[in-house]
Amino acid sequence: MRGPRTACTPGAEYVAERNRLVASHVDDRAAKERKLTKVIKEQDVLVNALLSGLPPERIRAKMEQLEVRQKQLETELAAAPASTTTTRLHPRIAETYHDRIQALIVGLIGPSQRATAKLA
């Protein structure tokens with residue numbers, strides 16, 4: 001029978017990799033949301049400049065660029081799954097699972113059958 005350290009290693013590696021992927025997904029979505037907020041604020045600044053009397057010719061190109069970027073970010077965010085759909089796992093979940101299975105085995109098997117059960 002494998003020792004507790006060996007039994008937990010693949011599970012611990014899985015948990016670490018899954019949590020890394022979840023964190024990168026959430027960070028990517030959050031970055032896109034921040035960029036979208038920035039684009040909208042820049043558009044507001046341009047609108048205020050128009051209202052204050054700045055000639056529209058000077059603003060038109062920048063406004064068009066911002067509108068294209070806003071649509072692109074909104075499309076990317078709509079296609080991305082919501083950040084609440086992914087759940088991080090506790091780093092010691094594999095170890096805890098292993099300990100509970102061991103306790104279950106000990107509880108279900110009598111002392112005379114433990115050696116046979118460990119070989120199985």
In a table with atom names and distances, give each donor-acceptor pair under 3.5 Å that connects a side chain of residues 53-60 to protein atoms at least two apart or in another chain.
none

Show every donor-acceptor pair shorter than 3.5 Å between a side-chain atom in residues 35-44 and any protein atom, with sequence neighbours excluded, or say none if there are none.
{"residue": "T37", "atom": "OG1", "partner": "E33", "partner atom": "O", "Å": "3.0"}
{"residue": "Q43", "atom": "NE2", "partner": "Q70", "partner atom": "OE1", "Å": "3.0"}

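In summary, K71 and E74 do not engage in a salt bridge, as defined by a charged side-chain N under 4.0 Å from a carboxylate O.
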Kindly indicate, with the supporting measurements, whether the criterion side-chain contact (heavy atoms from CB on, under 4.5 Å) is fulfilled by L66 and K62.
-> CA-CA 6 Å; L66 290 173; K62 181 67 175 172; 4.3 Å; yes
L73 and R69: side-chain contact (heavy atoms from CB on, under 4.5 Å), yes or no, with the steps?
-> CA-CA 6 Å; L73 288 168; R69 183 67 177 139; 3.5 Å; yes
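At least one side-chain heavy atom of L51 sits less than 4.5 Å from a side-chain heavy atom of V47.
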